[in-house]
Amino acid sequence: MNKQWSNLEVAELLRDLAAALQIKDPKKNKFRIIAYENAATEIEHLSSEIKDLWDENKLAEVPGIGDSLAKNLDELFKTGKSEHFESLLRDIPKAVFDLMKVQGVGPKTAFKLVSQFNISDTNPKGQLAKVAREGKIRDLEGFGEKSEAEILKSVTEFKVDKAKRILYSYAVGKSEEILAWMRQDKNVKRIDTLGSLRRKVSTIGDIDLSVITDRSKEVLNHFVNYPHTSRILEKGEHKASIMVPGEIQIDIRVQPQDSYGSLLQHFTGSKYHNIALREYSLKNGFSLSEFGIKDLNSKTEKLLKFSDEEKFYKFLGLQFIPPELREDTGEIEAARQNKIPKLIELADIKADLQMHSSFDIETSHDIGGCSMWDLIEKGNDLGYEYLAFTEHNPSQKGHTQQQIVNILQKKKDTVDQINSSLAKGVKGSIKKVFNSLEIDILPNGSLPVSQEGLETLDFALVSIHSSFNLSKSDMTKRILSALDNPKVKVLAHPTGRLILKRESIEADWGKIFEFAVKNDKWIEINADSSRLDLPDYLIKDALKLGVKFTLGTDAHNAWGMDNMQFGINNARRGWLTVDDIVNTRSLSQFEKLLTKP
DNA sequence: GCCGTTTTCGGCCCGACTGTTTTCAGTCG
């Protein structure tokens with residue numbers, strides 16, 4: 001009956017409302033527009049569904065939502081529409097909001113084009129391309145030949161919307177190519193990767209670079225001459241932007257050494273961190289920008305310059321804030337109180353707790369491509385002390401429970417043999433491997449391995465690989481039921497998301513985290529770059545409740561074990577320290593934790 | 001329209017770049 005509003009849909013509606021106000025009277029509505037946009041951003045970043053919060057009467061607790069928005073959202077959720085919202089949108093054709101997704105087209109431009117050319121909401125981009133090709137746009141007031149050409153280019157050559165994102169791991173590869181190109185210019189004294197790449201966000205919107213140079217013009221010329229450039233979006237004195245194949249945007253900013261710290265800070269973002277930091281600073285009489293800090297209380301408002309970021313934050317009375325935490329989720333207040341934690345680092349990791357060897361376990365899922373000894377060799381290269389082999393469980397189909405037990409017994413014997421070899425002193429840092437298993441959680445919460453089978457294991461991981469669409473309460477029961485088994489220690493890739501491909505399952509995470517804390521279960525942070533699961537925002541929620549985590553790469557071959565860095569990034573974004581992660585413990589400490597009653 | 005270690009009123013981050021303009025509006029991050 002009633003529409004199930006997702007956070008993204010509500011946020012989009014609020015952004016459309018902001019755009020409508022922008023079209024109607026930007027001056028009069030200036031701060032209302034900001035308020036709507038703020039609310040949209042807050043809702044996008046919520047870790048629970050806004051509709052659920054409304055159910056629980058907690059709308060007013062969401063930052064950016066005041067009396068007025070709460071009232072209108074209440075009406076929207078109750079009846080499917082809000083009178084007030086509808087009246088704001090009334091005079092704006094739907095095609096306007098579609099065209100706003102085109103690069104370089106904002107609310108004003110979209111509205112002008114739609115009104116002038118009577119563009120309807122069936123294929124508005126096609127209609128826009130047509131009038132551009134016919135040379136009709138150039139005659140409109142405020143447009144010309146250049147802007148007409150730009151619009152045509154955006155709408156035809158670059159079909160992907162502004163909001164497109166790519167995987168972090170993919171973006172790293174792309175950024176390394178352009179870094180290599182930029183370093184060929186001897187005017188580049190230093191170059192950094194900033195923005196969401198430096199903050200290690202799981203998906204990247206564009207690649208941001210900054211350069212120290214005294215010859216801005218030459219460096220920016222070299223940049224736009226990058227051989228893979230498919231389009232130059234802009235090029236000025238301080239910055240430039242290009243597009244490269246794959247429709248990835250690359251932005252660069254250049255500055256001399258003496259103010260480079262401010263540029264690093266500004267261009268690392270996030271936007272929301274910067275806004276919050278600037279608001280905080282204004283209250284103390286300072287105005288921040290990428291060029292430095294203005295003391296508003298001094299007569300001359302002299303610009304103070306900072307060559308490095310540490311000094312920039314220190315000047316503001318703040319502890320240095322690691323880039324991964326700069327999301328305006330409490331880091332500024334923490335820095336003020338000197339409470340920024342020492343975040344986990346890759347070197348702290350002593351084990352990989354999810355990997356799949358080529359041991360033939362007769363599973364219906366994918367098996368690994370490398371032998372257990374190959375994985376151990378890789379573990380030695382990484383300096384680990386122990387590993388856990390976590391192949392998928394043998395398939396139920398085509399096996400009796402007894403046959404499954406037999407297969408698991410065979411695997412146990414193999415692991416035992418390896419451990420006795422390791423005990424005899426095989427060269428390398430790995431001292432022990434654990435006999436584990438990644439077991440499907442069946443839709444009803446039961447496990448496809450008998451208790452007798454489970455007893456062959458040191459411990460088990462459980463995870464969801466089917467029926468992703470159960471209701472929230474059924475899903476929660478399903479997970480808790482699986483975790484309840486005494487042999488089960490870890491909930492692996494908990495939300496089941498595949499970034500940019502599959503949404504997270506819906507579950508009552510608060511309940512699951514509380515259960516984990518109470519019953520000594522661990523929550524995995526899967527380091528596969530397309531999983532990164534738990535997601536960072538849920539890690540923070542879990543951390544507050546005292547959850548302990550494991551890090552596992554889910555490697556299906558030896559080089560997959562190199563993905564640990566991605567998991568570390570995610571853990572850092574979740575504010576985790578060494579204490580929070582189980583596989584930072586030494587082998588003996590880890591064994592104690594395993595056998596804890 | 002939101003919000004409060006100046007506040008229930010009076011603020012709300014700060015700047016670059018482009019195109020179409022003669023001083024600025026629109027878009028973007």
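Chain identifiers are assigned alphabetically (A, B, ...) following the order of the sequence lines, protein sequences preceding nucleic acid strands; residue numbering begins at 1 within each chain.
At the phosphate of B:dC14, OP1 or OP2 sits under 4.0 Å from a side-chain N or O atom of A:Ser287.
Using a 4.0 Å heavy-atom criterion, one finds that A:Leu282 contacts the sugar-phosphate atoms exclusively. Residue A:Glu141 is out of contact with every strand shown, counting any heavy-atom pair closer than 4.0 Å. Within 4.0 Å (heavy atoms only), A:Lys30 reaches no atom of the nucleic acid at all. Looking at heavy-atom distances under 4.0 Å, A:Leu288 makes contact with sugar-phosphate atoms alone, never a base. Backbone-only engagement by A:Glu145 is indicated by non-hydrogen atom pairs under 4.0 Å involving sugar-phosphate atoms exclusively. In this structure, A:Ile275 reaches the bases: a heavy-atom distance under 4.0 Å links it to at least one base atom across the strands shown. Among the protein residues, A:His273 comes within range of no part of the nucleic acid, since none of its heavy atoms lies under 4.0 Å from any strand. Residue-level contact check: A:Lys294 touches the backbone only, with heavy atoms under 4.0 Å from sugar-phosphate atoms and none from bases.
Both A:Ala110 and A:Lys146 lie close to DNA chain B; mapped to their nearest nucleotides by heavy-atom distance, the more 5′-ward contact belongs to A:Lys146.
One side chain, A:Arg15 or A:Thr41, offers a donor N or O that lies under 3.5 Å from an acceptor on the other.
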Starting from the C-alpha separation in whole Å, work towards a yes-or-no answer on side chain to side chain contact (heavy atoms under 4.5 Å, CB included) for A:Gln265 and A:Leu277.
CA-CA 11 Å; A:Gln265 196 287 319; A:Leu277 191 65; 3.4 Å; yes
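In this structure, the CD1 atom of A:Ile232 is 10 Å from the P atom of B:dT18, given to the nearest Å.
The backbone N or O of A:Thr495 lies less than 3.5 Å from a partner atom in the side chain of A:Asp533, making a donor-acceptor pair.
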